[in-house]
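What you see is a predicted model, and the numbers here were worked out from it, not measured in a lab. One is the number of the first residue; the rest follow in order along the sequence.
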Amino acid sequence: MTTRTATARYSGFGKEGKGAITTQSGVLSDQFYGFNTRFEDEPGTNPEELIAAAHAGCFTMALSFALARAGFSEGTLETKAAVKLEQKDGGFTITRSDLTLEASVPGIDADQFGQLADEAKKGCPVSKLLNAEVSLAYKLD
């Protein structure tokens, strides 16, 4: 159906290396990332922040469509995703993505909203991806 791409380039290795991320749409174009943007507070991006943005955006859109299907046409949704990177078993692991939602949907009751939000959480493609098999194809020059 739809394929979206992004490219990451890294020059040098380890803490001294410097990276850049570019997305197909051009929203990110040679956006800097590296050890200091990931584990410290240097300006730039990092993979966990990008996953959090994708998860928040995907879930919020999924819930928006679920609410529309249920007959609601007004309101606002704002979701924050917190992706946690932890050191485990001698390496790093993304252990969770916590979604925090603030919503205003006139006329909906808490039970219906909770059911629609839970279904959107489970059904959003990024939520599914976070539990998916990952494949790798590579070419070494």
Side-chain angles (χ1 to χ4, degrees), residues 1-70 72-141:
M1 188 168 155
T2 300
T3 300
R4 303 288 184 216
T5 64
T7 303
R9 182 181 67 254
Y10 217 76
S11 299
F13 299 119
K15 289 182 180 182
E16 305 308 317
K18 304 290 181 206
I21 296 174
T22 299
T23 58
Q24 175 183 348
S25 68
V27 169
L28 297 177
S29 180
D30 288 327
Q31 177 61 55
F32 172 70
Y33 82 109
F35 178 85
N36 292 337
T37 66
R38 194 170 194 183
F39 297 104
E40 296 176 2
D41 291 326
E42 186 173 337
T45 193
N46 59 72
E48 292 74 32
E49 174 182 72
L50 296 172
I51 292 168
H55 201 194
C58 182
F59 163 75
T60 304
M61 183 180 281
L63 180 54
S64 170
F65 275 77
L67 288 162
R69 282 190 303 275
F72 297 94
S73 59
E74 295 181 29
T76 59
L77 305 170
E78 184 172 323
T79 307
K80 177 181 179 180
V83 171
K84 188 169 189 173
L85 179 68
E86 293 186 278
Q87 197 163 11
K88 285 185 147 191
D89 303 323
F92 288 91
T93 302
I94 294 173
T95 57
R96 59 186 307 117
S97 179
D98 295 310
L99 299 172
T100 304
L101 170 65
E102 291 186 25
S104 174
V105 183
I108 197 167
D109 67 60
D111 288 339
Q112 184 182 18
F113 183 78
Q115 180 181 357
L116 291 172
D118 191 55
E119 290 171 6
K121 177 186 69 101
K122 291 175 187 170
C124 129
V126 174
S127 289
K128 291 177 182 179
L129 173 66
L130 296 174
N131 290 312
E133 177 182 332
V134 176
S135 68
L136 173 65
Y138 65 90
K139 174 182 143 188
L140 181 62
D141 289 331

Approximate separation, where rounding is to 0.5 Å, of Ser64 OG and Arg69 CZ: 9.5 Å
I'd like to know whether CD of Glu40 has more than 12 heavy-atom contacts from other residues, nucleotides or ligands below 6.0 angstrom. yes
Shortest non-hydrogen contact from Phe59 to Ala117? CE1-O, 3.4 Å
Rounded at 0.5 Å granularity, tell me how far CG in Leu50 sits from OG1 in Thr45. 3.5 Å
Minimum heavy-atom separation for Ala103 and Phe113, please, with both atom names. CB-CZ, 3.5 Å
Criterion ring pair (Phe, Tyr, Trp, His ring centres under 6.0 Å) against Phe35, the qualifying member of Phe32, Phe39, Tyr33: Phe39
So which heavy atom on Pro106 is nearest to which on Phe72, and how close? O-CD2, 3.8 Å
Sequence neighbours excluded, every pair satisfying side chain to side chain donor-acceptor pair (under 3.5 Å) that has a member inside residues 103-117: Gln115-Glu119
Would a 4.5 Å heavy-atom cut-off, applied to side chains only, mark Ser127 and Lys122 as touching? no
Please check if the side chain of Thr37 supplies one atom and the backbone of Asn46 the other of a donor-acceptor pair under 3.5 Å. no
Say you draw a straight line from OG1 of Thr22 to CZ of Arg9; how long is it, rounded to the nearest 0.5 Å? 6.5 Å
Smallest heavy-atom separation, Val27 atom then Thr23 atom, equals N-OG1, 3.4 Å
Supply the atom-to-atom distance Gln31 CD to Ile21 CD1, rounded to the nearest 0.5 angstrom. 7.5 Å
Quick one, Cys124 and His55 - any side-chain contact, counting heavy atoms below 4.5 Å? yes
Donor-acceptor list for residues 73-91 side chains, cut-off 3.5 Å, not counting sequence neighbours:
{"residue": "Thr79", "atom": "OG1", "partner": "Thr60", "partner atom": "OG1", "Å": "2.6"}
{"residue": "Glu86", "atom": "OE1", "partner": "Thr95", "partner atom": "OG1", "Å": "2.7"}

Is the closest side-chain heavy-atom distance between Ile51 and Ser97 below 4.5 Å? no
Glu48 and Arg38 have their tightest heavy-atom pair at OE2-NH2, 2.5 Å
